[in-house]
Each structure stands twice: as C-alpha cells, then as structure tokens.
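Just so we're on the same page: letters track the sequence lines, and every chain starts at 1.
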There are 2 protein chains.
Amino acid sequence: MKEHSPALSPAERYIGIGELARESGCKPETVRYYERIGLLPSAPRNEGNQRRYTASAVRRLTFIRHARDFGFSVEAVRELLQMADYPAMPCEEVDTLAKHHLAEVEARLARLTAVRDELQRMINQCAGGNIGQCHIIDVLSDHRLCHQAGPHGGADVIG
Amino acid sequence: MKEHSPALSPAERYIGIGELARESGCKPETVRYYERIGLLPSAPRNEGNQRRYTASAVRRLTFIRHARDFGFSVEAVRELLQMADYPAMPCEEVDTLAKHHLAEVEARLARLTAVRDELQRMINQCAGGNIGQCHIIDVLSDHRLCHQAGPHGGADVIG
DNA sequence: CTTGAACCTCTAGTCGCTACAGGTATTACG
DNA sequence: CGTAATACCTGTAGCGACTAGAGGTTCAAG
C-alpha cells in the first residue's frame with residue numbers, strides 16, 4: 001500500500017514534503033519547523049512514517065510564506081491564520097494587524113533612510129587619504145559629526 | 001587600596017562598567033559580551049575583580065556602538081576597529097567596507113519600500129467587510145494579487 | 001556596621017530558521 | 001529481484017547579537 005487512503009480524487013492527491021516545499025517556496029526543514037511550532041497542523045503520515053500533504057497544505061504554507069515575505073512575525077502570521085480560518089468574522093482585526101505592521105515598516109524605513117543618507121555623506125566626504133584623516137572613521141568615532149538629531153536607534157532596530 | 005594604579009592623571013581616571021555603559025549608550029551586559037567576543041580588550045580589574053575602564057575604552061565602545069547603529073555587523077566593526085588602530089594606512093579599505101554596507105542598506109531599503117507600498121495597497125483596498133471578502137487576506141493567500149514582479153525576497157532579507 | 005546598589009560568572013533564552021548526524025523509506029534502473 | 005540514489009525521518013546544535021536571570025561578591029553611603 002503506497003498511500004494511506006484509497007480512491008482519492010485528483011484534488012486530494014497526496015504529495016511529499018519535498019514537493020510541498022518546492023510548490024510553496026521553502027525548504028523541507030522549514031516545513032517541519034512550522035509544524036513543530038504549530039503554524040502547520042501535524043501532517044498525516046503514510047505507512048513509512050512520511051508526511052503526506054494535500055492542496056490545502058500548499059495553500060496554507062503559501063499564505064505563511066507570503067505573510068513572512070511581507071515581514072510579518074511568526075506570531076502575527078499565527079494570528080492571521082486564525083483569522084483566515086473564520087471568513088465570516090469582521091476583518092477589523094486583520095486590518096489592525098496590517099496597519100500596525102505598516103507602521104513598523106515605515107519606522108524602519110525612516111531609520112534606514114537616515115542611515116543611508118549618513119553613510120552617503122560619510123563616503124562622499126572621504127578624500128581618499130589615510131585612515132588618520134578618514135571622514136568615515138571620524139564620523140564613527142564621534143557622533144557629533146553626524147547630521148542626525150539623536151541616536152540612530154540601535155542596530156537591531158535598523159534592519 | 002581602591003584602585004589598581006596609584007597617582008593617576010585626571011585623564012586616566014578609572015570608571016566602572018556601569019558608567020562606561022552609560023557614557024557609551026549600552027548596557028553592562030553588552031560591554032561584557034563585547035569583551036567576551038574580543039571587540040573590547042580584556043579590561044584590567046581592581047582588587048575586588050571588577051573591571052576598570054579609562055577614557056580610551058569609552059572612545060572605543062562609542063565607536064563600536066556608533067558603527068553598530070549604522071548597521072555594520074560585528075565582524076565589520078571588528079575590521080573597522082583594526083583599521084582605526086592604524087591611522088597611517090590608506091583608507092581605501094574603510095571606504096570599500098562603507099560602500100559595500102551602503103549597497104546592502106540600499107538593497108534593504110528597496111525591498112522594504114516595496115513591502116510598504118504593497119501593505120498600503122492591501123490596507124487601502126480593504127472595504128471593511130468580513131474576512132471572507134478581505135483584500136488583505138486575499139493578497140496574502142495569492143501572490144498573483146500582489147503588484148510585485150517577483151517574490152519579495154524572504155523574511156530575513158526584508159528588515 | 002549595615003544596607004543596597006553595583007558588580008561578578010555562568011547559563012539559557014530570544015527569533016526564525018538552517019545544518020548537520022545517523023538512521024529509514026521510497027523509487028528508478030538493470 | 002537487488003542495489004544504489006534519492007527523499008525522508010528524528011533530534012540536536014548553530015547562527016547573530018545580544019538579553020535575562022540565578023546566585024554570589026564587592027563597593028559606597030549613611
């Protein structure tokens with residue numbers, strides 16, 4: 001017996017973790033990871049203990065990957081998935097989550113833009129002499145040479 | 001004996017890790033971490049085994065923090081520090097490092113901008129009904145609804 | 001001399017995967 | 001049918017750059 005269930009419609013065709021991963025743009029390890037942390041339900045297994053997936057798993061995983069690509073955290077994706085599971089609910093919460101995320105993205109953009117401008121200034125002002133005269137090292141050594149108002153915001157907050 | 005060395009000039013005054021951290025804008029834990037990974041040299045200790053720092057440590061740590069604020073990786077900072085230690089060397093390498101980093105920042109900016117635009121579009125098109133009709137969920141479910149050319153680039157690459 | 005803040009080391013946790021190691025299952029070919 | 005390549009399994013450890021906590025010591029002020 002190759003598959004767990006007999007007589008499947010084409011729409012219910014089972015695929016392995018590799019094909020699922022290919023179709024949704026991630027790696028098998030990541031799929032198993034998502035299962036472990038509960039983003040994907042535990043997949044049914046065939047007789048040889050290998051995970052079998054249907055088209056609905058492809059859809060769910062595609063949703064996850066896409067939301068992750070947009071920069072939503074795994075926890076946010078978890079909430080989005082819960083919401084997506086109840087199509088009759090008002091979409092207010094989805095909207096709120098998306099707006100909150102947009103605000104974060106805009107904040108990061110602002111910081112990153114400031115950093116880019118400052119980096120450009122640093123580089124443009126480097127006359128190409130030796131390190132002792134190098135404007136880049138100067139700026140890094142002394143925040144006052146920086147055109148920013150305050151601190152840039154901490155490394156983790158930049159990216 | 002309170003301090004390790006007698007008769008210090010005011011410029012050589014010793015401070016503790018807390019004051020160093022305050023003056024350079026990070027936490028004592030981070031200072032110890034930087035020492036552990038070799039960004040800061042092992043600090044001399046007083047008789048009670050506590051780290052004592054001079055103004056040069058403040059300068060070095062400020063340099064580190066500032067470079068990190070600009071988004072340079074710890075490894076890049078390590079290289080910058082080495083270069084800064086040799087002021088007579090040509091600043092070509094510093095320039096290259098900075099330019100390379102600028103290119104990365106610009107790439108991130110481009111991706112983040114694309115994400116912001118798409119998020120804005122998603123949110124604007126949400127009519128406020130229920131989740132079944134929600135454009136945000138639609139876009140996340142189906143990449144074809146996205147105005148992007150290709151994939152956004154993977155979550156880690158966004159920030 | 002006592003109290004409380006600051007300091008010490010060591011370990012483990014964060015986030016979102018990714019990469020092994022060491023084994024089993026499936027599949028394609030001859 | 002046998003074999004070899006590939007895909008899959010579990011479990012654990014690693015990445016980067018810290019951060020947090022436990023459990024203890026030292027310092028500085030009153």
Side-chain angles (χ1 to χ4, degrees), chain A residues 1-4 14-40 42-53 57 61 64-78 104 108 152-159, chain B residues 1-4 14-40 42-53 61 64-78 101 104 108 152-159:
Chain A
M1 190 185 185
K2 301 233 159 183
E3 294 302 344
H4 218 191
Y14 279 112
I15 59 175
I17 197 170
E19 194 174 339
L20 170 67
R22 266 193 305 282
E23 284 186 26
S24 45
C26 57
K27 303 181 182 179
E29 293 93 327
T30 311
V31 177
R32 284 190 283 260
Y33 170 71
Y34 285 161
E35 179 180 316
R36 209 164 61 238
I37 66 171
L39 273 196
L40 289 174
S42 303
R45 308 295 181 107
N46 69 1
E47 298 225 315
N49 195 36
Q50 301 193 351
R51 291 169 180 84
R52 298 290 102 167
Y53 296 96
L61 186 50
I64 295 170
R65 278 315 313 162
H66 205 179
R68 294 283 305 118
D69 284 347
F70 270 103
F72 286 97
S73 72
V74 163
E75 283 319 299
V77 175
R78 207 188 289 279
E104 280 182 1
R108 286 203 275 179
H152 298 277
D156 56 328
V157 127
I158 268 197
Chain B
M1 192 184 184
K2 302 233 158 182
E3 297 299 346
H4 217 191
Y14 280 113
I15 59 175
I17 197 170
E19 194 174 339
L20 170 66
R22 267 191 307 282
E23 285 186 25
S24 44
C26 56
K27 303 181 182 177
E29 292 93 327
T30 311
V31 178
R32 284 189 282 260
Y33 169 71
Y34 286 161
E35 179 180 317
R36 211 164 58 238
I37 66 170
L39 274 195
L40 290 174
S42 304
R45 309 294 182 108
N46 69 1
E47 297 228 315
N49 196 35
Q50 301 193 351
R51 290 168 180 84
R52 298 290 103 168
Y53 296 96
L61 186 51
I64 294 169
R65 278 316 312 163
H66 206 178
R68 294 284 305 119
D69 285 348
F70 271 104
F72 286 96
S73 71
V74 163
E75 282 320 297
V77 175
R78 205 187 291 276
H101 183 54
E104 279 181 3
R108 286 202 274 180
H152 297 278
D156 56 326
V157 128
I158 267 196

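For the pair B:Arg65/B:Tyr34, a side-chain contact is recorded, criterion being any heavy-atom separation below 4.5 Å from C-beta on. Side-chain contact between B:Gln50 and B:Arg45 is absent, with no heavy atoms from C-beta onward closer than 4.5 Å.
When the P atom of C:dG16 is taken as reference, atom CZ of A:Arg78 falls 10 Å away, rounded to whole Å. Rounding to whole angstrom units, CG of residue A:Leu40 and C1' of C:dG16 are separated by 14 Å. Between the C1' atom of D:dG16 and the CZ atom of B:Phe72 lies a distance of 17 Å, rounded to the nearest Å. Going from atom CD of B:Glu75 over to atom P of D:dG16 covers 7 Å, rounded to whole Å. The distance between atom CZ of A:Arg52 and atom P of D:dA7, rounded to the nearest whole Å, is 13 Å. The distance between atom CD of A:Glu47 and atom C1' of C:dA25, rounded to the nearest whole Å, is 12 Å. Atom pair A:Leu20:CG and D:dA7:P shows a separation of 15 Å (rounding to whole Å applied). The interatomic distance linking B:Glu19 (CD) with C:dA5 (C1') rounds to 15 Å, in whole Å.
Comparing B:Asn49 and B:Ser73 along DNA chain D, the residue whose closest nucleotide (by nearest heavy atom) sits nearer the 5' end is B:Ser73.
Applying the salt bridge (charged side-chain N to carboxylate O under 4.0 Å, His left out) definition to pairs two or more places apart or across chains, none involves residues 20-31 of chain A.
In terms of heavy-atom proximity, A:Ala21 sits nearest to A:Val31 at CB-CG2, 4.3 Å. The two residues B:Arg52 and B:Ala43 make their nearest non-hydrogen contact at O-CB, 4.0 Å.
The side chain of B:Asn46 contributes an N or O atom lying less than 4.0 Å from OP1 or OP2 of D:dC27. Taking side-chain N and O atoms only, A:Arg22 has no distance below 4.0 Å to OP1 or OP2 of D:dA7. At the phosphate of C:dT9, OP1 or OP2 sits under 4.0 Å from a side-chain N or O atom of B:Arg51. Contact between the side-chain N/O atoms of B:Arg65 and the OP1/OP2 oxygens of D:dC18 is found at a separation under 4.0 Å.
Residues A:Glu35 and A:Arg32 are not paired through a salt bridge, judged by the lack of any N-O separation under 4.0 Å between the basic side chain and the carboxylate.
With B:His101 contributing its side chain and B:Ala76 its backbone, the two residues share no donor-acceptor pair below 3.5 Å.
Residues from residues 30-39 of chain B lying near DNA chain D, meaning a heavy-atom separation below 4.0 Å, are B:Thr30, B:Tyr33, B:Tyr34 in numerical order.
Each end of the helix from C:dC1-D:dG30 to C:dG30-D:dC1 gets its own axis, taken as the rotation carrying the C1' atoms of four end pairs onto the next four within a five-pair window, and the two axes meet at 10° to the nearest 10 degrees.
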